[in-house]
Amino acid sequence: MRINRLLSFLVVLLFTAIVMVGAFGTSWNTVSELPQNPADQSNIESIGMLIFTHYVVPFEVLSIVLLASLIGAIYLAKGEGNR
């Protein structure tokens, strides 16, 4: 039981460290720094290029976090009566 608590504490600590490094160690671009294309005022193509080139790692981490939250929501919605 004590080993499980220690392991879970280490996992939480590691996750928190990764989030902090990601949040404070990233140079965030502002809207004025995004590449502008006068033909496409919505700038969707440029944002897509940035997501899949420069920001691919945060994009993948976010997809894993969203998948975990989706699985957790399904587990919670299932409830105790269906087991």
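Owing to the predicted nature of the structure, the values given are computational and were not obtained by experimental measurement.
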Undergrad: Apply ring-ring contact (aromatic ring centres under 6.0 Å, His included) to Phe52 and list each qualifying residue two or more places apart in sequence or on a separate chain.
TA: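 With sequence neighbours excluded, Phe52 shows a ring-ring contact (aromatic ring centres under 6.0 Å, His included) to Phe59, given in chain and number order.
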Undergrad: Can you list the other members of the hydrophobic cluster that holds Leu70, where links are side-chain heavy atoms under 4.5 angstrom apart?
TA: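 Taking Ile, Leu, Val, Met, Phe, Trp and Tyr as members, Leu70 shares its hydrophobic cluster with Ile74.
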Undergrad: In the hydrophobic clustering (ILVMFWY, side-chain contacts below 4.5 Å, transitive), which residues join Ile3, or is it alone?
TA: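 Its cluster partners, ordered by chain and number, are none at all.
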Undergrad: If you link ILVMFWY side chains whenever their heavy atoms are less than 4.5 Å apart, which other residues fall into the same cluster as Leu67? By chain and number, please.
TA: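 For the cluster that includes Leu67, the remaining residues are Ile71.
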Undergrad: Table please: side-chain donor-acceptor pairs of residues 11-21 below 3.5 Å, with sequence neighbours left out.
TA:
unit_1, atom_1, unit_2, atom_2, d
Thr16, OG1, Val12, O, 2.8

